[in-house]
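Handing you this structure, nothing more for now.
Chain naming here is simple, since letters A, B, ... match the order of the sequence lines and numbering starts at 1 in each.
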Number of protein chains: 2
Amino acid sequence: MSKTAAKDRTQITMRDIARMAGVSESTVSRALAGSQLVAEHTRLRILELARSTKYAVNEHARNLALGQTRTIEVLFPIERGTLQRVSDPFFVDMVAELIDALSTHDYDVLLSTSPPWSEVRPGCAFLGGRADGVIFVGQGRHREEIAEFARDNRIVVTWGAGGRRDEGCVIGTDNVRGGYLAARHLIALGRRQIAFLGDCTLPEIEERYEGYCAALREAGMEPGDALRINAPFDIDGARTVTVGLDRFGRHFDAIFAASDMIAMAAMANLQAAGARIPDDVAVVGFDDVAMAAHMHPALTTVRQNIAEGAQLMTAKIMAMLQGEKPKGEMLPAKLIIRDSCGAPLSMRQESGDQT
Amino acid sequence: MSKTAAKDRTQITMRDIARMAGVSESTVSRALAGSQLVAEHTRLRILELARSTKYAVNEHARNLALGQTRTIEVLFPIERGTLQRVSDPFFVDMVAELIDALSTHDYDVLLSTSPPWSEVRPGCAFLGGRADGVIFVGQGRHREEIAEFARDNRIVVTWGAGGRRDEGCVIGTDNVRGGYLAARHLIALGRRQIAFLGDCTLPEIEERYEGYCAALREAGMEPGDALRINAPFDIDGARTVTVGLDRFGRHFDAIFAASDMIAMAAMANLQAAGARIPDDVAVVGFDDVAMAAHMHPALTTVRQNIAEGAQLMTAKIMAMLQGEKPKGEMLPAKLIIRDSCGAPLSMRQESGDQT
DNA sequence: CTGTTAGCGCATTCAC
DNA sequence: GTGAATGCGCTAACAG
């Protein structure tokens with residue numbers, strides 16, 4: 001009973017409508033595919049029949065015959081089992097844009113959280129021919145595994161920290177530059193004790209930290225661990241920020257947060273502690289999520305162009321499907337100056353914020 | 001060239017490893033399926049061979065033969081083409097939990113944003129046998145279409161506003177109750193001019209508004225349009241809030257926002273305008289996203305248990321797959337009292353907030 | 001223009 | 001225990 005249930009759903013097949021139309025399956029197939037090799041009236045008759053019977057071609061059979069899937073697997077960097085939830089608007093946007101971009105090319109999106117190297121079962125892991133390619137949305141703590149996977153499989157694109165080594169096609173924002181811009185901006189505003197909030201064990205974050213360090217050194221300051229607060233993305237991230245802030249008290253006059261969500265949490269914590277933003281502490285975030293412009297004060301941040309990123313990744317993977325071997329690319333980071341950093345109005349015009 | 005590229009990827013098949021192992025395909029199939037009808041040593045040999053050659057069964061062929069897909073389609077309520085982006089952490093969480101719950105049952109998730117009724121192409125729309133069932137994450141502006149679709153197709157579960165009529169299996173938070181709790185709470189705190197922020201053309205929001213109205217009437221007040229501010233979820237939502245607030249000035253002393261994101265935006269706008277929260281304006285949100293507890297002031301909100309919702313939807317759809325016909329269910333809404341409403345400490349103990 | 005044939009990769013009766 | 005045969009639903013040559 002339980003076994004048959006799924007199989008029972010006597011799906012109407014191509015043969016059925018072929019019989020109903022009094023033609024062969026081939027003709028139906030052609031008609032549905034919009035082939036020119038079929039008379040207009042029979043085509044219309046078949047189409048009408050298909051609509052009225054709510055027939056839809058079985059994609060499995062189709063893909064099996066065609067040897068393709070028209071599906072891209074999108075892998076999330078969420079640690080399963082752990083309570084780590086990302087819950088960052090950045091990901092919704094990215095996935096939504098990815099779906100948009102891919103469906104423009106008539107590709108479906110198979111979403112997953114368990115990477116191919118976590119082989120729970122023998123041969124049932126990943127690209128079982130269900131997807132033509134894979135997109136990793138972020139590297140998480142698996143940069144090496146992803147790189148290796150990309151070397152083994154042709155059709156792989158990953159979003160994350162730029163490939164210095166042979167990591168396949170990696171697309172991402174210029175995190176180093178972004179971090180640099182953020183820190184330089186704060187320094188230009190006269191801040192000297194700039195705390196960094198973020199988990200540097202994540203490749204993207206590490207790059208942002210790197211840029212931050214570069215800006216500091218350029219200004220003759222030496223970045224120190226005392227101003228580096230480990231703030232993970234997970235659900236406890238904000239709490240960690242609190243702890244961090246408590247720990248360092250007012251030993252800093254600015255914060256560069258590795259993500260907007262972290263920045264928002266930090267701002268709330270600071271304000272709760274009575275600090276004025278940006279007067280006492282200037283804050284700069286990273287991502288420019290939709291909420292950023294609507295915080296109080298409005299968040300100065302480094303914008304990642306998600307739509308462009310999604311489209312670029314899609315283009316890359318389409319190219320790979322065509323047999324090409326595209327290289328990774330870096331999207332420019334852009335500083336969006338708002339209120340949380342305390343910049344004078346004169347500086348904003350240059351940044352060209354269109355909020 | 002471009003046509004062949006995809007097909008060229010000479011996937012190693014079952015026949016290949018059958019030959020290599022010197023057995024028949026049947027035996028390989030059985031070995032990989034963990035059947036008892038195969039000698040231990042040959043099984044191990046085959047498994048080893050499969051691993052070393054990185055072989056993975058072709059899911060299309062498998063599904064075609066089995067008549068099932070082990071895939072659930074998850075539909076997003078995002079309007080394609082429009083610039084409407086949800087970008088709400090609520091969705092990441094929901095999708096992540098859904099993936100978790102479904103993969104526990106060995107089901108994959110096919111993500112999509114184009115509903116089955118938007119038949120762009122003839123017969124290539126939706127359940128082309130690629131998925132065993134569908135989950136709608138929210139009804140958006142398509143409650144009727146979804147209801148109809150659920151009537152036609154057996155395996156459909158939707159998250160949203162409870163089914164008063166024959167809408168199939170609808171799971172959702174008790175929005176009416178949630179709205180009622182929020183408004184009642186504000187009234188109990190002495191607020192009298194309670195604005196409602198949200199787009200009532202969305203079923204879930206409409207229900208929250210309904211509960212809000214019930215609480216007002218219970219207290220002898222008549223809800224009026226003057227206090228109802230249309231604040232859509234999309235990217236311009238926060239801006240609309242601003243407009244709304246400007247329009248009404250200080251004619252309200254409290255706000256019930258239909259989502260936490262709206263609440264946060266409203267809070268920021270209020271604070272920017274010099275209003276003190278909760279002194280001048282008390283705020284209550286809806287969802288309890290991770291950020292809510294880390295706002296300043298911490299947001300009082302109505303919690304939706306997303307994990308439970310995802311698990312429940314998964315359970316329902318699994319039941320449907322077994323041939324059962326489960327009914328929709330409503331998850332309890334829970335008021336989480338924090339700081340933005342100005343409630344005295346004594347009220348919090350009762351609410352049992354575990355932040 | 002249309003029907004016939006063959007095969008995509010795998011699971012599953014059956015025989016052996 | 002294992003192999004041979006059959007079919008899942010569809011597409012793509014191949015003949016008419």
Side-chain angles (χ1 to χ4, degrees), chain A residues 3-4 6-46 50 53 55-70 122-124 127-132, chain B residues 3-4 6-46 50 53 55-70 122-124 127-132:
Chain A
K3 299 279 289 279
T4 56
K7 210 163 185 173
D8 275 354
R9 50 165 199 175
T10 321
Q11 270 276 116
I12 165 171
T13 90
M14 204 143 140
R15 182 157 66 215
D16 295 325
I17 76 156
R19 270 203 276 263
M20 297 167 96
V23 295
S24 75
E25 290 185 50
S26 321
T27 305
V28 177
S29 174
R30 282 190 275 255
L32 262 34
S35 164
Q36 300 301 308
L37 304 169
V38 56
E40 185 64 12
H41 63 281
T42 72
R43 208 244 308 273
L44 289 176
R45 185 157 44 98
I46 290 173
T53 57
Y55 166 76
V57 303
N58 181 316
E59 295 289 336
H60 286 303
R62 175 167 214 275
N63 290 331
L64 183 56
L66 250 37
Q68 59 166 31
T69 71
R70 287 261 149 201
C124 200
L127 259 182
R130 245 177 351 226
D132 294 334
Chain B
K3 299 278 293 275
T4 55
K7 207 163 186 173
D8 276 354
R9 52 165 197 175
T10 322
Q11 270 277 116
I12 167 172
T13 89
M14 206 146 143
R15 181 156 70 216
D16 295 325
I17 76 154
R19 270 203 275 263
M20 297 168 97
V23 296
S24 74
E25 289 186 49
S26 322
T27 305
V28 177
S29 174
R30 281 190 275 256
L32 261 35
S35 164
Q36 300 302 308
L37 304 170
V38 58
E40 185 64 12
H41 63 282
T42 74
R43 207 242 312 273
L44 290 176
R45 186 157 44 98
I46 291 173
T53 57
Y55 166 76
V57 303
N58 181 316
E59 297 289 337
H60 287 303
R62 176 168 213 274
N63 290 332
L64 183 56
L66 251 36
Q68 59 167 31
T69 71
R70 287 260 149 205
C124 202
L127 258 184
R130 244 176 353 221
D132 294 334

Whole angstrom value for the distance that separates C1' of dG9(D) from CE of M14(A): 8 Å

Nearest-Å distance for atom pair CG/P, residues D16(A) and dG9(D): 9 Å

Polar side-chain contact R30(B)-dG3(D) base: donor and acceptor under 3.5 Å: yes

Indicate, with a heavy-atom threshold strictly under 4.0 Å, whether S29(B) touches base, sugar-phosphate, or nothing. base

Between NE2 of H60(B) and P of dT11(D) the distance, given in whole Å, is 13 Å

Ignoring hydrogens and geometry beyond distance, is a side-chain donor-acceptor pair present between N63(B) and T69(B) at under 3.5 Å? no

Compute whether any side-chain donor of one residue and acceptor of the other, for S29(B) and S26(B), lie under 3.5 angstrom apart. no

Please pick, from dG3(C), dG9(D), dC8(D), the nucleotide with the shortest atom-to-atom distance to any side-chain atom of V23(A). dG3(C)

Can you tell me if the side-chain N/O atoms of T42(A) get under 4.0 Å from OP1 or OP2 in dT2(C)? yes

With a cut-off of less than 4.0 Å, is there a side-chain N or O of Y55(A) near OP1 or OP2 of dC10(D)? yes

Tell me: CG of L37(B) to P of dT13(C), nearest whole Å? 11 Å

Rounded to whole Å, the CG-C1' distance (N58(B) to dG9(D)) equals 14 Å

note: I46(B), atom CD1; dC10(C), atom P; distance rounded to Å ~ 13 Å

Which nucleotide in the list dC10(D), dT4(C), dC10(C) gets nearest to the side chain of S26(A)? dT4(C)

Comparing E25(A) with Q36(A), nearest DNA chain C nucleotide closer to 5' gives the residue Q36(A)

Classify V28(B) by what it touches in the nucleic acid, base, sugar-phosphate, or nothing, heavy-atom distance under 4.0 Å. nothing

Is there a donor-acceptor pair under 3.5 Å between the side chain of R15(B) and the backbone N or O of E25(B)? no

Of the candidate nucleotides dC1(C), dT2(D), dC8(C), which contains the atom at the shortest distance from the side chain of R15(B)? dC8(C)

Would you mind reading off the distance between L64(A) atom CG and dG9(C) atom P, rounded to a whole angstrom? 7 Å

Closest non-hydrogen atom pair, V57(B) against R62(B): CG2-CD, 4.1 Å

Minimum heavy-atom distance between Y55(A) and L32(A), given as atom pair plus value: CE2-CD2, 3.5 Å

How many Å lie between CD on Q68(B) and P on dG9(D), as a whole number? 14 Å

So which nucleotide from dC8(D), dC10(D), dT11(D) ends up closest to the side chain of L66(A)? dT11(D)

